[in-house]
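Some notes on the structure that comes next.
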Number of protein chains: 2
Amino acid sequence: MARKPADQSVAREDILWAAAEVLHRKGYEATTMKDIAAQVNLTAASLYHHFKNKDFLLLNVLEVGLDLTIDKLERIDASDLTCAEKLGAMIRSHVVSVTGNVAVGAAMVFEIRALLNVSVGGRNGDESFTREFVARRNQFFARRDYFEGLFRDTVRAGIEAGEFREVDAAIVTKAMLGAHNWVGVWFKEGGRLSGEAVADVMVDTWLAALGV
Amino acid sequence: MARKPADQSVAREDILWAAAEVLHRKGYEATTMKDIAAQVNLTAASLYHHFKNKDFLLLNVLEVGLDLTIDKLERIDASDLTCAEKLGAMIRSHVVSVTGNVAVGAAMVFEIRALLNVSVGGRNGDESFTREFVARRNQFFARRDYFEGLFRDTVRAGIEAGEFREVDAAIVTKAMLGAHNWVGVWFKEGGRLSGEAVADVMVDTWLAALGV
DNA sequence: CCTATAATCTAACAATCATTTGATTTTTGG
DNA sequence: CCAAAAATCAAATGATTGTTAGATTATAGG
């Protein structure tokens, strides 16, 4: 049969992006290990050399996606802009992230339920797998709350500083993130507006909503 | 073995709500016919007396959910309120719909990809099933565009009437619907705010975003 | 009360899929 | 160049699941 000679040693990260792409198209449950493997010219069995199992693969995709986004937000948060400027930069950064990698952006929205659904109760042998999975999943959710908190705290700070009008910061923040997440659903590269242009509209919209 | 004596004749609609509930919890692919059947004290096989197959069952849930929402919006659209009042009422109606039936609301967001994924290419026997499914699916998507159009047209009308500031109506509308859809993800009955209260915040937020 | 129809059930099937096992091939450090 | 480690593969397994077939039970109209 002979293996394909070229393309040896697919990088772990290549698999992650490929997985995100397939997840975006079909969703976690409908995505087979074979689908992901085919995307990087491997067989399903080979994926197990890089990832413990399908659940961990999903978790990895989400972790990487979230980390990339948080990194940028933290840099903005650490700057000494006004709250309005800061929030504008954060919105822009988030929306550009989503439009720049719709697959990962959509996974962050759509596949979190799949993460929750992972059966984790059993008395099966791989107790340590389960324990590690639960720990990392919890950390992921904690980081996701932290991510939301970065936006919410900026909104709150802006209200206290008198830059924003008085709104329910928690709800408005959720509305904001919902709007951004949804971009990952409808945005298509090459459409009427670039990702940057969409981001500009979002910044303008949300600052107006906050009375700036 | 004996069948369960009571509970004869489960209504078609009961199955739909039950299905929505399970879909909300697990997502389409992870939801088994057995899951749905159990929710209404039936066996999986019995569901086939009410619905052609799993795909049609999903389609039915989405159709019913969308129709209910559109009905209310059309009544508002037909009124002779100002654009701002009209949009406010539409936002409130949509958000209350979502918070009032989170299961259906979330299905409208999360399960549409499942609808797209239904394999429909084959040369298998049930040509007529496939044809009907594709036709109804297309109609569903058309109605979904119509739904979005109700909001977008109101935003446009408000801009032309000088009630709203000049914004990119298409993008702002998508942002708005994204924010509303997301409510179905985080809203929990019995939380800090009622569905109505959340709707009020949304109305206030979006009218502010439009400069009212 | 009887019978046709509706609603449900049990049992079985065929397909799919995540995962494991046990080679085989490639790469790399010495 | 060699041997150990890394990366990959083919094949088999066990479990799940949508769906169908063929009864069985309930209901409603005459």
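Throughout, protein chains are lettered first and strands after them, A, B, ... in sequence-line order, and every chain is numbered starting at 1.
Stacking of B/Lys54 on the aromatic ring of B/Tyr28 is recorded, both the 6.0 Å distance cut-off and the 45° axial limit being met. Cation-pi check for A/Lys174 over B/Phe187 is not met; the charged atom does not lie both under 6.0 angstrom from the ring centroid and within 45 degrees of its normal.
Between B/His94 and B/Phe151, the ring-plane angle classifies as tilted under the 30° and 60° cut-offs.
OP1 or OP2 of D/dC9 has not a single side-chain nitrogen or oxygen of A/His49 nearer than 4.0 Å. Considering only side-chain N and O atoms, A/Thr43 lies under 4.0 angstrom from the phosphate OP1 or OP2 of D/dC9. Checking the phosphate oxygens (OP1, OP2) of D/dC9, a side-chain nitrogen or oxygen of A/Ser46 falls inside 4.0 Å. Contact check, A/His50 against D/dA6: no side-chain N or O comes under 4.0 Å of OP1 or OP2.
Between B/Leu47 atom CG and C/dT8 atom P there is a gap of 9 Å when expressed in whole angstrom units. Taking atom CG on B/Leu57 and atom P on D/dT17, their separation rounds to 16 Å, with Å as the unit. The distance from atom CZ of A/Phe56 to atom P of C/dT19 is 11 Å, rounded to the nearest whole Å. Per the geometry, CD1 belonging to A/Ile15 stands 13 Å off C1' belonging to D/dA6, to the nearest Å. Atom C1' of nucleotide D/dC9 and atom CG of A/Leu42 are separated by 10 Å, given to the nearest angstrom. A straight line from CG of B/Asn41 to P of D/dT25 spans 19 Å, rounded to a whole angstrom. Residue A/Phe129 contributes atom CZ, which lies 11 Å from atom C1' of C/dT19 at whole-angstrom precision. One interatomic measurement links the two molecules: CG of B/Asp55 to C1' of D/dT17, which rounds to 13 Å at whole-angstrom precision.
Nearest to the side chain of B/Tyr48, among D/dT20, C/dT8, C/dA18, sits D/dT20. Relative to the side chain of B/Lys54, the nucleotides D/dT19, C/dT8, D/dC9 differ in distance, and D/dT19 lies closest. Closest approach to the A/Ala45 side chain among C/dA7, C/dT19, D/dA10 is made by D/dA10 (side chain taken as heavy atoms from C-beta onward).
Considering only residues two or more places apart in sequence or on other chains, A/Lys72 meets the salt bridge (Lys or Arg N to Asp or Glu O under 4.0 Å) condition with none of them. Scanning for side chain to side chain contact (heavy atoms under 4.5 Å, CB included) contacts around B/Gln139 gives an empty result, with sequence neighbours left out.
The two residues A/Val96 and A/Gly195 make their nearest non-hydrogen contact at CG2-O, 4.5 Å.
Of the residues in residues 23-36 of chain A, A/Thr31, A/Thr32, A/Met33 come within less than 4.0 Å of DNA chain C through at least one heavy atom, sorted by number.
Between the side chains of B/Asn60 and B/Arg12, at least one donor N or O sits under 3.5 Å from an acceptor N or O.
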